[in-house]
Amino acid sequence: LEAYLEVTPVPKDLYASYETSICTGESIQFENTLAPGTAIDETVLSYEWSPAASLDNPYVLNPVASPQENTTYSLLVRQGECIISGSQVTVNVYSLPEGTVSDEVSIGHNESVTLNATGGMYYEWSPAEGLNRTDVAAPEASPEITTTYTVLIINEAGCEVERTVTVNVKNKLFIPN
């Protein structure tokens, strides 16, 4: 009586480890794909991520992660009871910029004022009407009518906050003779 056992080797790393980044308060969905050239039926695999606390579902291949601090997630891949693979995803969490902007201000007709935003590396002001520049921390504003300006304050990590400031324009006073 003879018996034959056919063993098909499974690659150790079915899914690649990687690193990604988000800003505080954001979420990210993992993007794991089967390693190229791997011939395995993914429907017979089960997944378990840890730590599980900041994941929407730790038992799927690509959960949504919402960590509040830098976190390395470890994946165990099982086929039946056997652990056949593992990988890691590191999510770096960057802080939002503090981001401050000038207080509301009033100007007269045909006057101007310098607006100020702080806390970022890059700035994007809108609307552009009435501003001498839209890509600086301190543009000069000379709107014709009362205007609320919005500034997107972006830090070196690419995280952003939005702030607003209103420039009130006093009407030109007409006094008849």
Side-chain angles (χ1 to χ4, degrees), residues 8-104 115-128 131 133-139 147-167:
T8 305
V10 176
K12 183 176 181 193
D13 294 323
L14 292 174
Y15 303 97
S17 295
Y18 65 94
E19 190 170 332
T20 189
S21 302
I22 61 172
C23 299
T24 300
E26 293 181 345
S27 298
I28 188 166
Q29 183 160 19
F30 293 168
E31 297 180 357
N32 291 295
T33 56
L34 203 55
T38 303
I40 191 166
D41 180 3
E42 285 185 281
T43 62
V44 299
L45 302 179
S46 62
Y47 308 97
E48 183 178 354
W49 288 95
S50 65
S54 58
L55 299 174
D56 69 332
N57 183 347
Y59 303 106
V60 296
L61 178 59
N62 291 309
V64 174
S66 305
Q68 297 304 307
E69 59 187 20
N70 294 348
T71 305
T72 297
Y73 297 93
S74 296
L75 170 64
L76 290 179
V77 181
R78 289 186 170 87
Q79 186 171 18
E81 295 298 315
C82 299
I83 296 174
I84 62 168
S85 184
S87 71
Q88 293 184 326
V89 174
T90 299
V91 179
N92 296 309
V93 181
Y94 293 104
S95 298
L96 299 175
E98 291 295 321
T100 61
V101 71
S102 309
D103 291 331
E104 183 172 323
L115 304 177
N116 286 293
T118 62
M121 182 171 267
Y122 307 102
Y123 302 88
E124 295 175 13
W125 291 87
S126 65
L131 296 177
R133 299 224 9 218
T134 59
D135 61 345
V136 294
T147 304
T148 298
Y149 291 101
T150 300
V151 60
L152 196 60
I153 302 169
I154 307 162
N155 66 15
E156 61 280 348
C159 299
E160 56 191 47
V161 293
E162 192 175 274
R163 300 287 186 256
T164 60
V165 58
T166 299
V167 177

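Since the model is a prediction, treat every value here as computed from it, not as a measurement.
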Check your understanding: Of Val60, Leu55, Asn62, Asn57, which meets side chain to side chain contact (heavy atoms under 4.5 Å, CB included) against Trp49?
Key -> Leu55
Review point. Any side-chain heavy atom of Leu61 within less than 4.5 Å of one from Val77?
Key: no
**Study point:** CA sep, side-chain torsions, deciding dist, call: Leu45, Ile84, side chain to side chain contact (heavy atoms under 4.5 Å, CB included)
**Key:** CA-CA 9 Å; Leu45 302 179; Ile84 62 168; 3.5 Å; yes
Point to revise | Sidechain-backbone polar pair: Ser102 side chain, Asn116 backbone, donor-acceptor under 3.5 Å | key: yes
Review point. For the residue pair Gly99 and Ile153, what are the closest heavy atoms and their distance?
Key: CA-CD1, 3.6 Å
Practice item. Could you name each residue pair satisfying salt bridge (Lys or Arg N to Asp or Glu O under 4.0 Å) that touches residues 71-82, not counting sequence neighbours? Key: Glu48-Arg78
Review point. Does some side-chain heavy atom of Leu131 sit less than 4.5 Å from a side-chain heavy atom of Leu115?
Key: yes
Exercise for review: Indicate whether any N or O donor in one side chain lies under 3.5 Å from an N or O acceptor in the other, for Thr148 and Thr166.
Suggested key: yes
Check your understanding: In Å and rounded to the nearest 0.5 Å, what is the CG to OH distance from Leu76 to Tyr47?
Key -> 12.5 Å
Practice item. Can you run down the disulfide bond (SG atoms under 2.5 Å apart) pairs that involve residues 27-98, sequence neighbours left out, and say none if there aren't any? Key: none
Review point. Can you tell if the side chain of Glu160 reaches within under 4.5 Å of the side chain of Tyr122, non-hydrogen atoms only?
Key: no
Exercise for review: Report, as yes or no, whether the 6.0 Å neighbourhood of atom CG on Asp135 holds more than 12 heavy atoms from other residues, nucleotides or ligands.
Suggested key: yes
Check your understanding: So which pairs with a foot in residues 49-59 pass salt bridge (Lys or Arg N to Asp or Glu O under 4.0 Å), sequence neighbours left out?
Key -> none
Can I get a per-line list of side-chain donor-acceptor pairs under 3.5 Å for residues 89-96, giving both atom names and the distance, sequence neighbours left out?
unit_1, atom_1, unit_2, atom_2, d
Thr90, OG1, Thr72, OG1, 3.0
Asn92, ND2, Glu19, OE2, 2.6

Practice item. Consider only side-chain N and O atoms of Thr118 and Thr100, and report whether a donor and an acceptor are under 3.5 Å apart. Key: yes
Review point. Would you say the side chain of Pro67 lies within less than 4.5 Å of the side chain of Ile22, judging by non-hydrogen atoms?
Key: yes
**Study point:** For the student: nearest non-hydrogen atoms of Trp125 and Ala137, plus distance
**Key:** CZ2-O, 3.7 Å
Check your understanding: How many angstroms lie between atom OG of Ser21 and atom CD1 of Ile28, to the nearest 0.5 angstrom?
Key -> 8.0 Å
Exercise for review: Can you tell me which residue pairs pass the disulfide bond (SG atoms under 2.5 Å apart) test with a partner in residues 23-53, sequence neighbours excluded?
Suggested key: Cys23-Cys159
**Study point:** Side-chain touch Tyr123/Val101, heavy atoms, less than 4.5 angstrom
**Key:** no
Study note, to complete from the structure: When rounded to the nearest 0.5 Å, the distance separating CD of Glu69 from OG of Ser54 is 9.0 Å
Point to revise | Where at least one partner belongs to residues 52-85, residue pairs that pass ring-ring contact (aromatic ring centres under 6.0 Å, His included), sequence neighbours excluded | key: Phe30-Tyr73
Study note, to complete from the structure: Output for pair (Thr150 OG1, Arg163 CZ), nearest 0.5 Å, gives 11.5 Å
Review point. Looking only at heavy atoms, what is the nearest atom pair of Thr134 and Ala128, with distance?
Key: CG2-CB, 3.7 Å
